[in-house]
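Here's the structure, in structure tokens; my notes come after.
Chain letters run A, B, ... following the sequence lines, proteins first and then strands; every chain starts at 1.
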Protein chains: 2
Amino acid sequence: MEVIERIRKRSRQREEILAVLRSTKEHPTAAILHAEARKRIPRLSLGTVYRNLDVLEELGLLLHIRNGNSQDRFDGDVSPHYHFVCDSCGAVMDMRLPYRPDLDEAATRDGFQVRGHRLDFHGTCPACLKK
Amino acid sequence: MEVIERIRKRSRQREEILAVLRSTKEHPTAAILHAEARKRIPRLSLGTVYRNLDVLEELGLLLHIRNGNSQDRFDGDVSPHYHFVCDSCGAVMDMRLPYRPDLDEAATRDGFQVRGHRLDFHGTCPACLKK
DNA sequence: GTAGTTGCAAACATTTTGCGTTGTT
DNA sequence: AACAACGCAAAATGTTTGCAACTAC
């Protein structure tokens with residue numbers, strides 16, 4: 001948990017939530033993380049999951065993807081990268097595409113102070129194309 | 001209402017909602033549209049606003065921006081363009097930046113069928129910078 | 001007359017919060 | 001001992017839906 005312990009008290013719940021998130025390449029919802037983490041901490045409540053997701057986001061240890069059709073998704077990979085969202089099945093996948101800092105430069109004008117960007121591609125994912 | 005009338009029955013409510021959306025450069029939430037359209041149609045219900053936003057999205061007459069901190073926002077400008085989201089005040093603004101179809105080409109690989117992309121910049125908006 | 005559309009209110013789904021207890025430092 | 005974090009359940013938020021009445025065609 002590195003950074004955290006200087007600012008927050010440690011908790012098994014928080015460690016477990018982050019571990020689950022880091023163990024997958026999917027981009028799970030809060031409910032999925034809850035179900036998964038419960039396998040090891042059966043009494044873990046959903047409220048605790050949300051509270052810890054907030055804390056972890058604040059500390060920059062996860063990405064909060066407010067995209068989805070309904071439920072938000074979370075990404076344990078905080079390095080800059082882009083996503084692909086399937087129009088058909090709704091899955092969120094990582095793109096193997098270099099990050100483009102030059103886009104921020106092009107956008108810095110008209111008085112905007114640009115801190116970064118978010119780029120999502122959408123279309124049909126390989127799995128759905130097969131159907 | 002151009003296109004619509006061939007597919008749907010016309011309704012004053014739908015026309016008013018689209019008119020309000022087109023009259024602004026802000027990117028209003030459903031609640032804002034409701035409040036605004038109510039000035040002319042006092043009994044307009046929020047349910048009707050949501051139903052019509054769905055219809056209008058389906059017909060390609062608006063963009064549904066599932067971004068925001070909580071409430072979704074809507075954009076009456078359906079031409080391809082990018083947005084800036086202010087980290088400080090949450091406002092969504094249009095960027096004067098040319099659309100980049102080449103990004104889609106670069107992303108077409110690994111079996112993805114790319115239909116388009118969404119690019120949001122974030123940082124601090126001119127108004128918030130002054131404070 | 002038929003079927004799309006409405007207003008209203010109830011239902012939903014997701015996320016947030018209050019509170020008394022537990023855990024970490 | 002102090003106070004962060006917890007579990008639980010209730011509340012808040014944003015959106016959707018069922019239904020009877022209304023409206024466009």
Side-chain angles (χ1 to χ4, degrees), chain A residues 1-21 27-59 61-74 90 92, chain B residues 1-21 27-59 61-74 90 92:
Chain A
M1 289 295 255
E2 319 88 79
V3 210
I4 300 188
E5 285 147 26
R6 264 169 244 150
I7 315 173
R8 300 279 186 167
K9 289 185 183 171
R10 74 183 293 202
S11 86
R12 186 153 96 83
Q13 286 84 344
R14 182 147 58 225
E15 288 174 2
E16 182 61 29
I17 291 164
L18 186 54
V20 170
L21 185 58
H27 299 73
T29 61
I32 292 171
L33 286 168
H34 180 225
E36 199 58 32
R38 261 197 162 184
K39 291 180 184 166
R40 298 202 205 154
I41 308 180
R43 316 200 44 155
L44 176 68
S45 79
L46 190 51
T48 295
V49 172
Y50 277 109
R51 270 186 290 235
N52 278 307
L53 288 173
D54 274 358
V55 171
L56 293 168
E57 180 185 13
E58 199 179 301
L59 297 174
L61 294 175
L62 60 75
L63 258 39
H64 186 162
I65 310 179
R66 292 170 228 266
N67 181 30
N69 304 302
S70 43
Q71 287 151 282
D72 290 359
R73 294 181 168 272
F74 299 86
V92 178
Chain B
M1 290 293 256
E2 317 91 77
V3 210
I4 302 190
E5 282 146 28
R6 267 169 241 151
I7 315 173
R8 300 280 186 165
K9 290 186 182 168
R10 73 182 294 204
S11 87
R12 187 153 95 82
Q13 287 83 345
R14 182 147 56 225
E15 289 173 2
E16 181 62 27
I17 290 164
L18 187 54
V20 170
L21 186 58
H27 299 73
T29 62
I32 292 170
L33 286 168
H34 181 224
E36 199 58 32
R38 262 197 161 182
K39 291 181 183 165
R40 297 200 206 157
I41 308 179
R43 316 200 42 151
L44 177 69
S45 77
L46 190 51
T48 295
V49 172
Y50 277 109
R51 271 186 291 236
N52 278 308
L53 289 173
D54 275 357
V55 171
L56 293 168
E57 180 185 13
E58 199 179 301
L59 296 173
L61 295 174
L62 61 75
L63 258 39
H64 186 160
I65 310 180
R66 289 172 230 266
N67 182 30
N69 303 305
S70 44
Q71 286 150 284
D72 290 359
R73 294 181 168 272
F74 298 87
V92 178

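- Applying the side chain to side chain contact (heavy atoms under 4.5 Å, CB included) test to A/Q13 and every residue at least two apart in sequence or in another chain returns A/S11, A/I41, A/L44, A/T48, A/N52.
- Shown here are the side chain to side chain contact (heavy atoms under 4.5 Å, CB included) partners of B/L62, two or more places apart in sequence or in another chain: B/L21, B/L53, B/L56, B/E57, B/F74.
- The stretch residues 27-36 of chain A participates, sequence neighbours left out, in these salt bridge (charged side-chain N to carboxylate O under 4.0 Å, His left out) pairs: A/E36-A/K39.
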Next on the checklist: I need a per-nucleotide contact map over nucleotides 13-20 of chain D, read 5' to 3'. Cutoff is protein heavy atoms under 4.0 Å; write B for the base, S for backbone only, - otherwise.
Outcome noted: -SBBBB--
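- Evaluation of the salt bridge (Lys or Arg N to Asp or Glu O under 4.0 Å) rule for B/R38 yields no partner, not counting sequence neighbours.
- In this entry the distance linking CG of A/L59 with P of D/dA4 reads 14 Å, nearest Å.
- To the nearest 0.5 Å, the span separating CG on A/L61 from CZ on A/R14 amounts to 10.0 Å.
- When all heavy atoms of A/A30 and A/L46 are compared, the closest pair comes out as O-CD1, 4.1 Å.
- Looking at residues two or more places apart in sequence or on another chain, you find a side chain to side chain contact (heavy atoms under 4.5 Å, CB included) between A/L63 and A/D75, A/V78, A/H81.
- Separating the CD atom of B/E58 from the P atom of C/dT5 is a distance of 10 Å, rounded to the nearest angstrom.
- Take A/A31 and apply the side chain to side chain contact (heavy atoms under 4.5 Å, CB included) test, not counting sequence neighbours, and it matches A/T29, A/Q71.
- Taking atom CG of B/N52 as the reference point, atom C1' of D/dT23 lies 14 Å away to the nearest angstrom.
- Pairs of residues two or more places apart, or lying in two chains, that qualify as ring-ring contact (aromatic ring centres under 6.0 Å, His included) and include a residue from residues 27-48 of chain B are B/H27-B/H83.
- Put simply, CD1 on B/I17 is 11 Å from C1' on C/dT6, counting in whole angstrom units.
- Remark: C1' of C/dT16 and CZ of A/R66 are 13 Å apart, rounded to the nearest angstrom.
- At the phosphate of D/dT23, neither OP1 nor OP2 sits under 4.0 Å from any side-chain N or O atom of B/Q13.
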Look for any protein N or O under 3.5 Å of an N or O in nucleotides 20-24 of chain C and output each such pair with its distance, or none.
residue : atom : partner : partner atom : Å
C/dG23  : N2   : A/K9    : NZ           : 3.0
C/dT24  : O2   : A/K9    : NZ           : 3.2

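- A salt bridge (charged side-chain N to carboxylate O under 4.0 Å, His left out) check over residues 40-52 of chain A, counting only residues at least two apart or in different chains, returns the pairs A/E16-A/R40.
- Considering only residues two or more places apart in sequence or on other chains, A/R12 meets the salt bridge (Lys or Arg N to Asp or Glu O under 4.0 Å) condition with none of them.
- Near DNA chain C, meaning a heavy atom under 4.0 Å from it, residues 33-45 of chain B has B/R43, B/L44, B/S45 in order of number.
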